[in-house]
Amino acid sequence: MTTRAELPDTESPAGPSRPRGDEPPFVPLRVAVAALLRKELGLELRAPQAVPAMALFSITTLVVFHFALQRGQVDGDLASGVLWVTLLFAAMLGISRLFVADHEEGGLDGFLLAPTDRTAMLVAKAFGLFCFLAAVEVVAVPAFALMLLGPSPSIAAYGQLAALLVLADAGIALVGTMVGAMAVQTRTRDLIVPLMALPLLIPVVIGAAKGTAPLLATAGPHSVEVRWLFVLGLYDLVFGLLAFALFDYLIED
Amino acid sequence: MLYGTRLRALSIATLVTMTAALALAFFYAPMDADQGFMQKIFYIHVPLGIVALCGFVWGGINGIQHLRTRDPKYDLRSYVAIHLSLVLGAGVLITGSIWARASWGHWWVWDEPTLVSFLIVFLLYATYQPMRFSIEDREKQARYASVFAVTAGAFVPLNFIAVRLAQAYTHPRVFATADGGLPAKMQVPFYLSLLGMALLYVTLWRYEMASKNTSWQLRALRRKLAGDDAVPPVGRTAAPTLPSS
């Protein structure tokens, strides 16, 4: 907090009016993102917290589904629904943890003092969350295939599923970063995250679940309809632009 | 800006338009061949929905203004707009549910994309007040609420596209909106009702703005007259607070 008083220009909103003399050199976005991402992933590798919890949660959810649906095997649209509900709920855990360490340990204050673009935090956090989700899916999707999935899809079907997962994860990561940044400042963080993120992610669920259903059908896997990839892509694009435009306002102080 | 001016004229205009619209809907518009009398709810339900959605989007536009100018006035406008739209939104869901029960026999049907989209939007905006309430710092509360308003405002059309696509497969829809296939005798009451609903929204919005502004000005005056200690500080609230000037 004392350093902030010494560097009054970090508080000023835009670049052009800043005095030039004693300002530290501006860190390019690429460098800042790399540093933040290294911190993010390094933290998770050294003291794994989010990914194991999410993976464990997703496997537990599959067990819950087995008993709640009273089925040993699922296929088609039911299988697709089970998979996406599991992944989405696991993602909620990751989203509510995303900014907690930075908020509590002063990481956000440190970042705000650094002479760099705030978008760096968005890119690094979203990409970090994307990596976490991908890591969870590496565990959860095979577990789902072993435990609950009736038909055994071909390698090509898994390839198409991977494409859907990548597009859906990008959307979840972007929305999750925004909601996580918003929720960490509230008193009721754990309530706000699912309440806000789930409705926002309904279009992702629609695209992903509809796209996945034919891949897991018993009657032989059909291919994904292109329009679901298009819906997911459009969603990623819109929320990418929104997050880019609005994220600066979320980590201002 | 004074929100209390011309409130009486606006109220009278709303009342007249709404009465005329309902009178036309009940006595002038022809009975629907399929649904009979129940179809009359259409003249309330659809305008209500359109106005509520426009209100949400307008809240988002004021949110952009607030983020750009940092003027708390825009935060209040955005808050009141979303707040009112939520109230109307509850009305949309209730009337939609009644209509669904009457024409399809179920209180809720999942293959009506517009109603389902509306429910999702409503659920999203329902978190607006809890989120505001859980942020104590006033400035931060206003800023975050505006970010939410902009995000959710942009989400509205995206969500409608996605839900419609999801249903188009099983239920091919003629891409005509509700009024596209309407006979002229139904169009007149419908558009009049839409106008009446819009006027109702504007009137209520201005009433709430006037009330909020007046109570804040009153606080400021009290504080000036009786001293800061005489006026108790505001507790935690979801509603925006104006600088007492």
Side-chain angles (χ1 to χ4, degrees), chain A residues 13 77 171 174-175 177-179 181-211 213-214 225-253, chain B residues 56 60 63-64 66-70 75 89 110 113 116-170 236 238:
Chain A
D77 48 2
L174 285 165
V175 171
T177 307
M178 285 194 79
V179 172
M182 215 181 272
V184 81
Q185 306 284 353
T186 66
R187 290 172 143 220
T188 50
R189 185 176 63 225
D190 300 328
L191 292 180
I192 293 288
V193 165
L195 279 181
M196 202 181 278
L198 284 177
L200 278 175
L201 287 171
I202 295 271
V204 171
V205 176
I206 292 173
K210 290 260 180 189
E225 273 185 82
V226 182
R227 74 177 145 135
W228 303 122
L229 296 173
F230 171 75
V231 167
L232 291 173
L234 181 71
Y235 184 92
D236 294 350
L237 181 71
V238 170
F239 272 92
L241 291 173
L242 269 179
F244 177 68
L246 294 174
F247 190 75
D248 287 9
Y249 297 104
L250 290 177
I251 52 164
E252 221 163 47
D253 31 39
Chain B
F56 284 138
I64 296 177
H66 174 248
L67 289 177
R68 282 172 53 152
T69 61
R70 299 295 159 100
D75 179 46
W110 287 106
V116 173
S117 310
F118 199 89
L119 176 68
I120 298 166
V121 167
F122 182 82
L123 286 175
L124 175 64
Y125 274 99
T127 55
Y128 179 70
Q129 309 254 10
M131 185 206 72
R132 288 195 77 116
F133 189 69
S134 60
I135 303 176
E136 274 177 276
D137 181 67
R138 296 276 167 212
E139 195 269 335
K140 208 183 265 183
Q141 181 193 60
R143 191 148 41 81
Y144 280 40
S146 293
V147 171
F148 177 90
V150 178
T151 313
F155 171 78
V156 169
L158 192 64
N159 176 53
F160 271 74
I161 295 173
V163 175
R164 177 145 299 202
L165 267 178
Q167 252 102 17
Y169 196 59
T170 42
R236 265 174 80 203

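Chain identifiers are assigned alphabetically (A, B, ...) following the order of the sequence lines, protein sequences preceding nucleic acid strands; residue numbering begins at 1 within each chain.
For B:Glu136, the part sitting under 4.5 Å from any heavy atom of chain A is the side chain, from C-beta outward, and nothing else. For chain B, the nearby part of A:Leu242 is the side chain; its heavy atoms alone come within less than 4.5 Å.
Considering OG1 of B:Thr127 and CG of A:Leu195, their distance stands at 6.5 Å, rounded to 0.5 Å. Annotation: the span from B:Arg68 atom CZ to A:Tyr249 atom OH amounts to 8.5 Å, rounded to 0.5 Å. Between the CG atom in A:Leu201 and the CG atom in B:Leu124 there is a gap of 10.0 Å [rounded to 0.5 Å]. If you take OG1 on A:Thr188 and CD1 on B:Ile135, they are separated by 8.5 Å, rounding to the nearest 0.5 Å. Atom CZ of B:Phe148 sits about 7.5 Å away from atom CE of A:Met182, to the nearest 0.5 Å. Interatomic distance, A:Leu246 CG to B:Leu67 CG, rounded to the nearest 0.5 Å: 6.5 Å.
In terms of heavy-atom pairs under 4.5 angstrom with chain B, the leader among A:Pro199, A:Ala243, A:Ala181 is A:Pro199. Most heavy-atom pairs under 4.5 Å with chain A: of the set B:Leu119, B:Ile120, B:Val121, this distinction falls to B:Ile120.
Remark: B:Ala145 engages B:Asp75, B:Tyr128, B:Met131, B:Arg132 in a side chain to side chain contact (heavy atoms under 4.5 Å, CB included) (not counting sequence neighbours).
Between B:Leu158 and A:Phe239, the closest side-chain pair of non-hydrogen atoms falls below 4.5 Å. Within the 4.5 Å cutoff, no side-chain heavy atoms of A:Val179 are placed close to those of B:Thr151.
The nearest pair of heavy atoms linking A:Thr186 to B:Ser134 is CB-OG, 3.2 Å.
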